[in-house]
Undergrad: 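Got a structure here, written out as structure tokens. Questions coming.
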Amino acid sequence: MTTPAQIMLRAATGLNLSKQVVDRAIRARVVSSGALDTDDYLGRMTPEELTALVELVVVPESWFYRDQQAFHATADYLKQQTLVEPNRLFHVLSLPCAGGEEPYTMAMVLLDAGIPADRFMVDAFDISPVCVARAKTGVYGRNAFRSQDLAFRQRHFSELGKDAWRISDAVRKQVRFHQGNVLEMTMARRAGFYDVIFCRNLLIYFDKPTTSAAIRNLDTMLKRDGLLFVGYAEVPSLCANGFAPLPYAQAFGLIKDAEAAARKKARVVPAPAVPAPAVRIARPAMPVAAAPATATTLKRPTAAVVKAPAARAAPGRDLLAGARRLADLGQLKEAERDCRDHLAQHPESAEAYFILGLINELTNKHVQAQDYWKRCIYLQPDHYEALCHLALLADTSGDAATASALKARAARIYKRQQAS
């Protein structure tokens, strides 16, 4: 049974907190505030005391370059966008920002990628005023530096002694900190404002209605062809609400509108001498009712695009790599052919079945897609992407229990892979 204190904190934070967590926080505040007991404490609740209580239930733990693939995907994307719109200021959002490690990492990565300081700005929000105040100081201890490669610390920090470092002014001026949360931000002022949003490992603490409300706000704030990065366990919820996943390994990024990205890609600009790495955009993991069955690829636009006819696989060619490339180009029949040719040589290829599942999902053959993904996880039980796709299918068909079990299984696999 939900207690009044849980309801109060959920209204204040959006977090779906357990009774044990709430009771522990209240006991600590009863002692600190000098209240007689829990009832006395709750009866004398003030906005200031509620803020102090919230501080005990939020999770401000973070570190620099945490899950850094998302940062590099953002840098690739914004470098491409600067070619298309060379005079625009790009906006990035980080929420919750905890102690500032994530938004400062974003600024460091973009500066190191050669994006001029006057071309981007990072906004960082957190519900905790203590976290915001700490982030503004820019001073961090050893625990904030957990990356194996600490070269960035030499470039962007000065050592204060006693295991403390201060971030450079050049990085600090790229980040603006604010107190607030995704449920209370002023949508009218920020509608379509952000090119990239980081909202990682927040939605997992929300119940389903609150998650939906948060996703609507993120959708509103994100530009039509912007990118959203979330935690690995949150991807299925976003896909079920109209976002399409980025197949950028371990980045857990999504795009709001793949068609808009394709139109932006088609703008004619001079081709660079050396093409940048492509950030490929796949179709949604779960089909959206109004979305056409197409695939798109985000890469630097060229002055002209000549589509070569699909060729039969040459002997010795990597058939699976070819199948993925053909699927990205929308040549689904040719991609399916390569998968089947590969299976003729390697009948226990889990990846081939996974790609066949994607191809059938793109053509709205959901039963066939489900069958291929089940074969995939039979052959490779720890195939994270296949499990997420199956979870989304279960969600759409109304099988909440199966969807929940598949999501939990996918989350366990990801944690195990990260720890290995």
Undergrad: Just wondering, do Ile215 and Phe243 contact through their side chains at under 4.5 Å, heavy atoms?
TA: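 Yes, side chains in contact.
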
Undergrad: Nearest 0.5 angstrom please: His366 NE2 to Asn360 CG, how far?
TA: 9.5 Å

Undergrad: How about Thr74 and Ile115: do any of their side-chain heavy atoms sit closer than 4.5 Å?
TA: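 Side chain of Thr74 against side chain of Ile115, heavy atoms only: no contact under 4.5 Å found.
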
Undergrad: With Arg153, which residues qualify under side chain to side chain donor-acceptor pair (under 3.5 Å), at least two apart?
TA: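 If we apply the side chain to side chain donor-acceptor pair (under 3.5 Å) test to Arg153, skipping adjacent residues, there are no hits.
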
Undergrad: Taking the ring centre of each residue, are Phe145 and Phe157 less than 6.0 Å apart?
TA: yes

Undergrad: Ring-plane angle category for Trp373 and Phe354, please: parallel below 30°, perpendicular beyond 60°, tilted otherwise.
TA: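 Ring orientation of Trp373 relative to Phe354: tilted.
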
Undergrad: Is there a donor-acceptor pair closer than 3.5 Å between any side-chain N or O of Lys223 and the backbone N or O of Tyr194?
TA: no

Undergrad: Taking the side chain as everything from C-beta on, heavy atoms only, tell me whether Pro4 gets closer than 4.5 Å to Leu42.
TA: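 No, every pair of side-chain atoms sits at 4.5 Å or beyond.
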
Undergrad: Only pairs at least two apart or in different chains count here, so list each salt bridge (charged side-chain N to carboxylate O under 4.0 Å, His left out) that has a residue in residues 163-175.
TA: Arg142-Asp163

Undergrad: Tell me, do Tyr140 and Phe64 make a side-chain contact under 4.5 Å, heavy atoms counted?
TA: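 With C-beta onward as the side chain, the pair touches.
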
Undergrad: So, taking the atom named NZ in Lys79 and the one named CG in Leu110, what distance separates them when rounded to the nearest 0.5 Å?
TA: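 Reported to 0.5 Å precision, the distance equals 10.5 Å.
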
Undergrad: Ion pair present between Asp371 and Arg375, side-chain N to carboxylate O less than 4.0 angstrom?
TA: yes

Undergrad: Report yes if the side chains of Glu336 and Leu356 come closer than 4.5 Å at any heavy-atom pair, otherwise no.
TA: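 With C-beta onward as the side chain, the pair touches.
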
Undergrad: Indicate yes or no: does Arg200 engage Glu102 in a salt bridge with an N to O separation below 4.0 Å.
TA: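 Answer for the salt bridge query: yes.
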
Undergrad: Do you know which of Trp63, Phe177, Phe198, Phe71 makes ring pair (Phe, Tyr, Trp, His ring centres under 6.0 Å) with Tyr104?
TA: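 The residue from Trp63, Phe177, Phe198, Phe71 that satisfies ring pair (Phe, Tyr, Trp, His ring centres under 6.0 Å) with Tyr104 turns out to be Phe177.
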
Undergrad: Mark yes or no for whether Gln174, through its side chain, and Val122, through its backbone, hold a donor-acceptor pair below 3.5 Å.
TA: no

Undergrad: I'd like to check Leu390 versus Arg409 (side-chain heavy atoms, cut-off strictly below 4.5 Å). Are they in contact?
TA: no

Undergrad: Just jot down the ring pair (Phe, Tyr, Trp, His ring centres under 6.0 Å) partners of Tyr65, sequence neighbours excluded, or say none.
TA: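 In terms of ring pair (Phe, Tyr, Trp, His ring centres under 6.0 Å), with neighbours along the sequence ignored, Tyr65 is linked to Phe152.
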
Undergrad: So, for Tyr77 and Phe90, is the gap between ring centers shorter than 6.0 Å?
TA: no

Undergrad: If you define the side chain from C-beta out and look only at heavy atoms, does anything of Arg190 sit under 4.5 Å from Asn217?
TA: no

Undergrad: Suppose we screen for side chain to side chain donor-acceptor pair (under 3.5 Å). Which residues come up paired with Arg155, at least two apart in sequence or across chains?
TA: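 Here the qualifying residues are Asp112.
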
Undergrad: Check whether any side-chain heavy atom of Phe252 lies under 4.5 Å from a side-chain heavy atom of Asp67, and answer yes or no.
TA: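 No. Closest side-chain heavy atoms not under 4.5 Å.
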
Undergrad: Applying side chain to side chain donor-acceptor pair (under 3.5 Å), name anything that partners Thr82, two or more places apart in sequence or on another chain.
TA: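 Counting only residues at least two positions away or on another chain, Thr82 forms no side chain to side chain donor-acceptor pair (under 3.5 Å).
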
Undergrad: Give, for atom CE of Met106 and atom CG of Leu78, the distance between the pair rounded to the nearest 0.5 Å.
TA: 7.0 Å

Undergrad: Please enumerate all residues that pass side chain to side chain donor-acceptor pair (under 3.5 Å) together with Ser158, with sequence neighbours excluded.
TA: none

